[in-house]
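What follows is a single structure, written as structure tokens, with notes after it.
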Number of protein chains: 2
Amino acid sequence: MVTSRDVARLAGVSQSTVSYVMSGRRSISPETRRRVEEAIETLGFQPNAGARALASQRSQVIGLVVPFAPGADMTGVLPFIETITKCAREEDHNVILATEDEGAEGLTRLSDQSLCDAIVLMEVGSKDPRIPVAAGLSVPVILIGVPDDPAGLYCVDLDYTLAGRMAVDELADSAHDRVVLLGYPRDVLARDVNFVRRFLRGAEDAAAAAAHGIAYAEVSPPDTSRAGAEAALDEALAELGPDGSRLGLVVPDPQLIQPTLQSLLDRGLVPGRDLSVIGLCTDRTAETSTPPVTNLSLEPRDVSRRAMRILFRLLNRESVPTTSTVELVTPRLTLRQTSLPAR
Amino acid sequence: MVTSRDVARLAGVSQSTVSYVMSGRRSISPETRRRVEEAIETLGFQPNAGARALASQRSQVIGLVVPFAPGADMTGVLPFIETITKCAREEDHNVILATEDEGAEGLTRLSDQSLCDAIVLMEVGSKDPRIPVAAGLSVPVILIGVPDDPAGLYCVDLDYTLAGRMAVDELADSAHDRVVLLGYPRDVLARDVNFVRRFLRGAEDAAAAAAHGIAYAEVSPPDTSRAGAEAALDEALAELGPDGSRLGLVVPDPQLIQPTLQSLLDRGLVPGRDLSVIGLCTDRTAETSTPPVTNLSLEPRDVSRRAMRILFRLLNRESVPTTSTVELVTPRLTLRQTSLPAR
DNA sequence: TTGTAAGCGTTATCAC
DNA sequence: GTGATAACGCTTACAA
């Protein structure tokens, strides 16, 4: 292993000079800088992370707590992981992973062992038991998701309330007379992630808005399997409107979208011809569904980037927007093949 | 921050005794152990990771290099990340993430900065430029994937050659008389991941086997989009066999499966009724495709677990199977709705 | 502009 | 069975 002492010896300077050349925390004469950088280059010196962390009290690591809970939407988390990792690297930081099933201890471990300088907590529940713990840690914590009580922590998330509203509004505006929301399955409800109720509230609010006067109902599939979708659809389609009535289905669970589309096709109901379907999912998921589903985007990359922006401002002791602790990203509606043509 | 010195003071022992109680590397009297453990408990002591790493030359961290390259199969990597992270935690290790786009420097960084004790390298290419670098690092590297020259590194992967063979054999055994392989799209080919050619070789070998005498062809879609699938199918279906002939489609790219199924349905061809489709993907993907596709499983969890088992044997200086440096996992065939019924 | 030296919080080698 | 104490490799006052 090559250390900064080796570099110092080769460059004919003191060890601290090497350190200062690397950190830029004091001015160095051009000549010295050149010699040191040359020595670093020829020796291939890389500073020891542990030693650096110990001395500087900064690990240059971001802790990322991901939801690997059974039933969690797998396809959805990857863009978050990817974007967060890349943002971290841009600021010369690394990312260490922890899984949701470690619970609150996972957080204290990351923080108290000085494994990281800040934590990003994904998919927080409404009354997530980790929130009070997170608020008491010695490292800043950014939440992706909005708990009932953010406890002063910064939160970034999609504006699910707006998403719910947009879904219903879109259907109402395009002359649908009935909206059925295929809710989240039981296991998602059990995890009590906050976005569920936010989305539902948005949808309900929009449906209740006087201007529309649209029929609105919610059904809950038992799970995201084909059978779950079937059961939900049985209920949703039970009382079909009069011939020529326009039905819109809203499917907020990405995992339920494809099974729902398939069940509809199996029944001879073609989305985009016989009824409308609006999904809440990433554009990627929407593009590759069969048929491509009109969707409200989840914008995982945008959400992640904003979270990391706040995080690094916090770490660099820069000013952080103090107006609100909650930052919401506006979803984007993209019409695809599952929307009924205008009447 | 509470240190082992604080614990030692409270327990009335020396700092080294605290260390030995935690590591169990020397015998401690029951009474001393009790007092120390009590002190740890009341103070909530957590050892500083950086200091520990510095002193012990062990970071207790596993580096995981994931393929976030554009075009990489997103859904596929998550089970790997999850399984690897959990295996690491079981052995009291953490996981630090690096992305493929960091290239070989990413590896040297992880190793030379002593950020981790071992590296897992996912989705290695046939002539991956990172392999020679990996072989020269001071930490062990486990490959997921099999390069042309493993350079003595341990590799774990699905047996893609066997998978290719199994796909064609299954179709041949179920009285199909024509097999078309919808190959990997250009961007996957460009990445030159080794499994592509292994799968193709397996399929070709099986097709060539005298016993079958089955017509075999390969077509390459430009990409995994709907349009890509369309183009590939145009070619694949160009010369349709005589009426009543049994065609089998093999689709090794998970991302191409759904677009292909959709394109077939659009043409009025129902998989499982008019032709067979066999996909190479995780069971989860197969279950939720429309219709559920007969598949050969990618077994990401099994592959990951085996990789981690080798890794920790290496770290613990236990004996490692020396017979071969390459460990291949057998894919599993599951018949679903896209297989033609027996004639 | 540069050097000296005191930590940072562990681990592990001696000694007893 | 336990206690001093010297590393581990870096950062950062404090001097010069």
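The model shown is predicted, which means the values in this text are computed figures rather than measured ones. Only this structure's heavy atoms are used, side chains among them; waters, hydrogens and symmetry mates stay out. Quick note on labels: first sequence line is chain A, next is B, and so on, each numbered from 1.
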Report the nucleotide, chosen from [options], that has the shortest atom-to-atom distance to any side-chain atom of [X].
{"X": "A:Ala55", "options": "C:dT4, D:dC10, C:dT10", "value": "D:dC10"}
{"X": "A:Ser14", "options": "C:dA12, D:dG9, C:dG3", "value": "C:dG3"}
{"X": "B:Gln57", "options": "D:dT2, D:dC8, C:dT10", "value": "D:dC8"}

How many Å lie between [atom1] on [X] and [atom2] on [N], as a whole number?
{"X": "B:Arg25", "N": "C:dT10", "atom1": "CZ", "atom2": "P", "value": "16 Å"}
{"X": "A:Arg52", "N": "D:dC8", "atom1": "CZ", "atom2": "C1'", "value": "16 Å"}
{"X": "A:Asn48", "N": "D:dG9", "atom1": "CG", "atom2": "P", "value": "7 Å"}
{"X": "A:Leu54", "N": "C:dA6", "atom1": "CG", "atom2": "C1'", "value": "13 Å"}
{"X": "B:Leu115", "N": "D:dC10", "atom1": "CG", "atom2": "C1'", "value": "14 Å"}
{"X": "B:Arg5", "N": "C:dG7", "atom1": "CZ", "atom2": "P", "value": "11 Å"}
{"X": "B:Gln15", "N": "C:dC8", "atom1": "CD", "atom2": "P", "value": "11 Å"}
{"X": "B:Arg58", "N": "D:dA7", "atom1": "CZ", "atom2": "C1'", "value": "19 Å"}

What is the nucleic acid contact for [X], judged by heavy atoms within less than 4.0 Å: base, sugar-phosphate only, or nothing?
{"X": "B:Ser23", "result": "nothing"}
{"X": "B:Arg26", "result": "base"}
{"X": "A:Val13", "result": "sugar-phosphate"}
{"X": "A:Thr17", "result": "sugar-phosphate"}

If you assign B:Ser56 and A:Thr32 each to the DNA chain C nucleotide with the nearest heavy atom, which residue ends up on the more 5' nucleotide?
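Residue closer to the 5' terminus by nearest nucleotide: A:Thr32.
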Pair of N/O donor and acceptor under 3.5 Å linking C:dT4 base with A:Ser16 side chain
yes
Going by modelled atom types, is there a donor-acceptor pair between the base of C:dT10 and the side chain of B:Tyr20 at under 3.5 Å?
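Checked by distance alone, the answer is no.
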Between A:Arg34 and A:Glu31, does at least one N-O distance fall below 4.0 Å, as a salt bridge requires?
yes
State whether A:Lys86 and A:Glu82 are salt-bridged, where the test is any N-O pair (Lys NZ or Arg NE/NH1/NH2 against Asp/Glu carboxylate O) under 4.0 Å.
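Between A:Glu82 and A:Lys86 there is a salt bridge, with a charged N closer than 4.0 Å to a carboxylate O.
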Pairwise side-chain contact, B:Val124 with B:Val193, heavy-atom cut-off 4.5 Å (strictly under)
no
Side chain to side chain contact (heavy atoms under 4.5 Å, CB included) between A:Ser138 and A:Ser111: does it pass, once the steps are laid out?
CA-CA 7 Å; A:Ser138 52; A:Ser111 166; 3.3 Å; yes
Does a side chain donor of either A:Ser14 or A:Thr17 reach within less than 3.5 Å of an acceptor in the other side chain?
yes
